[in-house]
Structure formats: C-alpha cells, structure tokens
Amino acid sequence: KMGSWNFDLKIDRLTWSKELYNIFGTDNQTFRETHGSFLHLIDAHDREFALQTSRHTQQTGEPFTIEYHITTPKGEKRIIQEFGYGVKDENGIVTRLFGTAQDITERKLAEEDRLRLSSILEATSDFVGIADVDQRIVFLNTAGRIAMGYGEMEDLSQKKILDFSPDWANEIIGKEGIPAALKAGKWIGETAFLPRGGVEIPVSQVIVAHNNSNGELQYLSTIARDITFQKEAEQKLEQQNKELVFQNEEKEKRAAELAIANKELALSNTELEQFAYVASHDLQEPLR
C-alpha cells in the first residue's frame, strides 16, 4: 500500500491521497489537514525524529527517507516508510513538499522474523543447510561451515546436498531420505558428513521439503546433529557387553569343569571307600 501527499508550507495545508487515509486508518472528515495533525498520528517515540527530518527538508529542500511507527484509531500497529523532497520558489525558498508514504509493516515483520531465525541458526551447534529445488546449497550455518572445513565467505552455490557425505551415506540420503521428504514432507535417519580432508562425522539428520501453496517444492532444509559421542558410547557399551558375555561364558565353563571335577572326586571317593572296605576286610583274616 502506498499513498502520496503534498504540503503547502505557506498555508500549512497537507493534502493526502485516498490511499494515504487508508494507511493511517483515518478519513478526511476527522483528520485536520495540517502538519501538526499529521505528526500526532506518529507514535511518541518516533515523533521528534520525524519532526526534525521534516524541518530539515523544509529549510533545504533536500530529499529524505524515513521510517516511523503509528497506531491507528482502531489500535493497529503499523510501520510506515516515507519519502519526500522540497520545491523552491524563484527566491530559493522552499514553499512546498511532495512525497509518498508506504505501509511496510508486513515486510518489516518478515525481515525481523528472518533476522531472528538467522540468529537462531547461527547460534546453534547443529549443522543447518538450505538447498534449492535442484539441491544446490544456498545456505550453510557457521557450525556447518566449520565442521565441513569451509570459510565464512566461501561460495557454496555449486555444491549439492550429496557433496557433503561419504558414498554409503549418500546411498541413504539419495535413495531414501530425499524421496521420503518429497513424499511425506520430512525424513529422519542416521547418516554421516565427510569434511574436506577430515574424518567422517556420524550425524542424526532431518530433511524437510518446503512447498508453496500450490504444493510445488520451494526448497529443502536439513538439520544434522553430531552423534560422535553417542556412537562411541554405544561401541563402548557393546564392547562391555561382549566382555560380560565372555566372562559369563568363562564362568559357566569353569562351573561346568568344577561340576565334572566334583563328580569325578565323588566317584573317586566312592571307589576309595570301597577299596578301603575291601582292604580292611581282607586284612582281618590274617589277623585272626
């Protein structure tokens, strides 16, 4: 939305286009067409700056661009971008200002959202990347660049998603991950990244397909978390389990050997008792 205005300094008459009334949420019945009335439509914290900017152009005729906040009579918060310039008479005195004003609320909020999102993406230790419909990288956050060995300003536009992973992981990403994301919107799995001149980094990876209102793919995003410590812990636990199984098998083996030895000992004791009985019996005859 954009409207135009002109301000006659001699008679303090401010003339607005119809669209400008819509932007400020007022009408020509309730708005007094003076510069002072206009200034009171601007939120208090921006009013003095707007006044000083206007005065400078009234004195010099120099063009200006300014942004300020307003609150409409209905309580709606809006951000306005205004452009203006002065026109001088034959004596070099500024007699009239002309300009435009535009409601940039949606654009500013979108920019703030992007900045907020960007700060979050740059603050996280996870690897975050965005690729276009051809899978070319258009964004890789700082954590991702550091892990993959790329500088902050290094151009990655010729790189694709599959350029960052070892062959075995690309098999999963290319044949399972991306097709699943395109079909269902999201895919989660365990893969790996391969830094330049480095060692594989095992990761838990999410791939998300972002579509427009017509269901057409706009871009792909991926978030990956380094799970090196988890994998090392799993391997350590697996080794401990193997050792425990081995120890249990050894214990069972020793227990079986001990059982056999006890059985043999018991048999030997029985045989010894029988021999002792026989020997004792045989020795009794000579003594008689």
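When reading the values below, keep in mind they use all heavy atoms of this one structure, side chains included, and skip hydrogens, waters and symmetry mates. We count residues from 1, following the sequence as given.
The backbone N or O of Leu121 lies less than 3.5 Å from a partner atom in the side chain of Asn141, making a donor-acceptor pair. Of the possible polar contacts, none joining the Asp103 side chain to the Ile23 backbone as a donor-acceptor pair under 3.5 Å is found. Judged purely by atom type and a 3.5 angstrom limit, Ser37 has no side-chain atom pairing as donor or acceptor with the backbone of Glu33.
Scanning all heavy atoms of the two residues, the minimum distance from Ile42 to Ala50 falls at CD1-CB, 3.6 Å. Considering every non-hydrogen atom in both Lys88 and Val94, the closest pair reads CG-CG2, 3.7 Å. Closest of all the heavy-atom pairs between Gly3 and Ser17 is CA-OG, 3.4 Å. Across all non-hydrogen atoms, the minimal contact from Trp16 to Leu41 is CH2-CD1, 3.6 Å.
Of the candidates Asp12, Asp8, Asp89, Arg96 forms a salt bridge (charged side-chain N to carboxylate O under 4.0 Å, His left out) with just one, namely Asp8. Each of Asn28, Asn22, Thr30 was compared with Thr26 under the side-chain hydrogen bond (donor to acceptor under 3.5 Å, both in side chains) criterion, and only Thr30 meets it. If you run side chain to side chain contact (heavy atoms under 4.5 Å, CB included) between Gln205 and each of Ile173, Ile223, Ile188, only Ile173 comes through.
Legend: residues meeting side-chain contact (heavy atoms from CB on, under 4.5 Å) with Asp113, ordered by chain and number and at least two apart, are Arg116.
Salt-bridge check for Asp132 with Arg136: passed, with a basic side-chain N closer than 4.0 Å to an acidic carboxylate O. Ionic pairing of Glu76 and Arg78 is present here: one or more N-O contacts between side-chain nitrogen and carboxylate oxygen are shorter than 4.0 angstrom.
Aromatic ring centroids of His35 and Phe7 lie under 6.0 Å apart.
Neither side chain, Glu82 nor Thr65, offers a donor N or O lying under 3.5 Å from an acceptor on the other. If you check the side chains of Thr57 and Glu62, you find no donor sitting under 3.5 Å from an acceptor. Side chain to side chain, Ser204 and Glu190 fail the donor-acceptor criterion of an N or O pair below 3.5 Å. One side chain, Gln52 or Glu48, offers a donor N or O that lies under 3.5 Å from an acceptor on the other.
Using cut-offs of 30° and 60° for the angle between ring planes, the His210 and Tyr219 rings count as parallel.
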(message) Could you go through Glu152 and Thr142, starting from their C-alpha distance and side-chain angles, then the distance that decides it, and tell me whether this counts as side-chain contact (heavy atoms from CB on, under 4.5 Å)?
(response) CA-CA 7 Å; Glu152 182 179 353; Thr142 299; 5.7 Å; no
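Separating the CG atom in Leu237 from the NZ atom in Lys242 is a distance of 11.5 Å, to the nearest 0.5 Å.
Residues Thr222 and Val206 fail the side-chain proximity criterion, which asks for heavy atoms closer than 4.5 Å. Taking 4.5 Å as the limit, every side-chain heavy atom of Glu216 sits out of range of all side-chain heavy atoms of Asn211. When side chains are defined from C-beta on, Thr228 counts as touching Ile201, because their heavy atoms get closer than 4.5 Å.
Cation-pi contact between Arg196 and Tyr150: present, with separation from the ring centre below 6.0 Å and deviation from the ring axis of at most 45°.
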